[in-house]
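Below is one structure; the comments refer to it alone.
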Amino acid sequence: MSQQKALILEKAKGEFIVSAVPILKPGPGQLSIKVIATALNPVDWKIQAWDFIVQKYPAILGIDIAGDVEEVGDGVQGFSKGDKVFCQGYFSNEMASFQQYTLIPADIVGKIPSNISYAQAATIPLALTTAAIGLLHAQPGGGGLNPTFDPKINFSGQSAIVVGGGTSVGQYAIQLLKFLGYSTIIAYASARHTDMLTSIGATHVIDRAKVPIDSLAESAKNIGSVPITIAYNAVGDKDSRAACTDAIVEGGQIADVDPEAKNDAPENEKRVFPIMGSSHIHREFGRILWKNLPNLLQEGKIVPNQVEKLPNGLAGIDEGLQKMKANKVSGVKLVAFPQETA
Ligand SMILES: NC(=O)c1ccc[n+]([C@@H]2O[C@H](COP(=O)([O-])OP(=O)(O)OC[C@H]3O[C@@H](n4cnc5c(N)ncnc54)[C@H](OP(=O)(O)O)[C@@H]3O)[C@@H](O)[C@H]2O)c1
């Protein structure tokens, strides 16, 4: 069996090392993908630091994949060797992205449109999926705003807020709210992101350096002429959740990136739900998402996050994760290139 390089987390809370592992053949319905670019996500450093989600070590991590189809499994239609594709990996060694080749079910793979690069495509899968499930996917897993990406559905006249608008996930939530037609889209973020956030759809940016989180709801409620019906919480801590709860109207809802999120103030009639941002777990919605996404990108309705390229292939990922852990990544997505591994 041919060999490839992978970034291995040898044991729980252990070190990352680059090592040789076999290249697996795709099973029925799967694609083997040569990983050209992979983005880093907070969950990757959290797994290493906290030892959660992963059941078995040595583990290969990484969720964001952009690359070329290497081999097509039995029964797969619509893909050929060499197609440029992007997709979301999973928490299993065979479907992880911190390696040179990976396997993914073909029904949740998209073709990279001609107007974006591999690196840009790699910023999209986890963060966009998490935003889309929170807003569009049917309840109870999502906000139920438009589970089929129907272009006729429109929330014109309504107001929404994204707390953590500068995060990767928050940037995609803002763009999806724009796609949904919201008239007022408030982002809570650092002022230095204002131009970028307004260019992708935010109508108002509240500077998190000037307005503390416990005053956010009051500031947000003063914007727009109608009450806020949905909050997307891309920060996911208790303070941000409390701000979202105070900012929205009774009967409104809060999509929260914290997998444990719940309504901390059950005396009110506000729906708080945790997002499980996985095309694999929400498979039916994932299929619809991956069918629509290439067109939304091609038409410029969704634009990728800004990219910061990491050097040294797989060996450069650890340093990027430590930078993320130290809160030193701001408004950009770190992207590594597994084929550049020495
Ligand atoms: N549930 C799921 O399935 C799921 C999936 C994906 C991500 N997540 C979680 O979602 C969160 C966001 O992920 P990400 O990849 O989008 O993160 P990210 O882009 O790496 O986050 C970095 C950004 O967070 C901003 N930030 C940090 N604290 C903030 C606060 N209190 N208020 C506003 N902005 C703040 C920083 O803003 P500045 O630029 O101002 O410093 C920085 O730009 C993470 O906790 C992640 O683990 C959950």
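Remember, it's 1-based here, ligands and their atoms both numbered in the order they're listed.
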- Task: If a pair satisfies side-chain hydrogen bond (donor to acceptor under 3.5 Å, both in side chains) and one of its residues is in residues 130-139, list it, with sequence neighbours excluded.
- Result: H137-H282, Q139-Q253
- D264/K262 ion pair, N-O < 4.0 Å: yes
- Task: Using a strict 4.0 Å threshold on nitrogen-to-oxygen distance, state whether E70 and K25 make a salt bridge.
- Result: no
- Message: Does S168 form a side-chain hydrogen bond (donor to acceptor under 3.5 Å, both in side chains) with N305? I'd like the steps, not just the answer.
- Response: CA-CA 6 Å; S168 296; N305 293 158; 3.1 Å; yes
- Item | Set of side-chain hydrogen bond (donor to acceptor under 3.5 Å, both in side chains) partners for Q158, sequence neighbours left out | T229
Using a 3.5 Å cut-off on N/O to N/O, what pairs does ligand 1 make with the protein? A line per pair would be great.
| unit_1 | atom_1 | unit_2 | atom_2 | d |
| --- | --- | --- | --- | --- |
| ligand 1 | 1 (N) | V257 | O | 2.8 |
| ligand 1 | 1 (N) | I275 | O | 2.8 |
| ligand 1 | 3 (O) | G277 | N | 2.8 |
| ligand 1 | 16 (O) | S168 | N | 3.0 |
| ligand 1 | 16 (O) | V169 | N | 2.8 |
| ligand 1 | 19 (O) | S168 | N | 2.8 |
| ligand 1 | 19 (O) | S168 | OG | 3.3 |
| ligand 1 | 39 (O) | R192 | NH2 | 3.4 |
| ligand 1 | 39 (O) | H193 | NE2 | 2.6 |
| ligand 1 | 39 (O) | S330 | OG | 2.5 |
| ligand 1 | 40 (O) | S190 | OG | 2.2 |
| ligand 1 | 40 (O) | R208 | NE | 3.1 |
| ligand 1 | 40 (O) | R208 | NH2 | 3.3 |
| ligand 1 | 41 (O) | R192 | NH2 | 3.4 |
| ligand 1 | 41 (O) | R208 | NH2 | 3.2 |
| ligand 1 | 43 (O) | G331 | N | 3.2 |
| ligand 1 | 45 (O) | K46 | NZ | 3.1 |
| ligand 1 | 47 (O) | K46 | NZ | 2.8 |

- Message: Checking R287 now: which residues fulfil salt bridge (Lys or Arg N to Asp or Glu O under 4.0 Å) with it, not counting sequence neighbours?
- Response: D107, E284
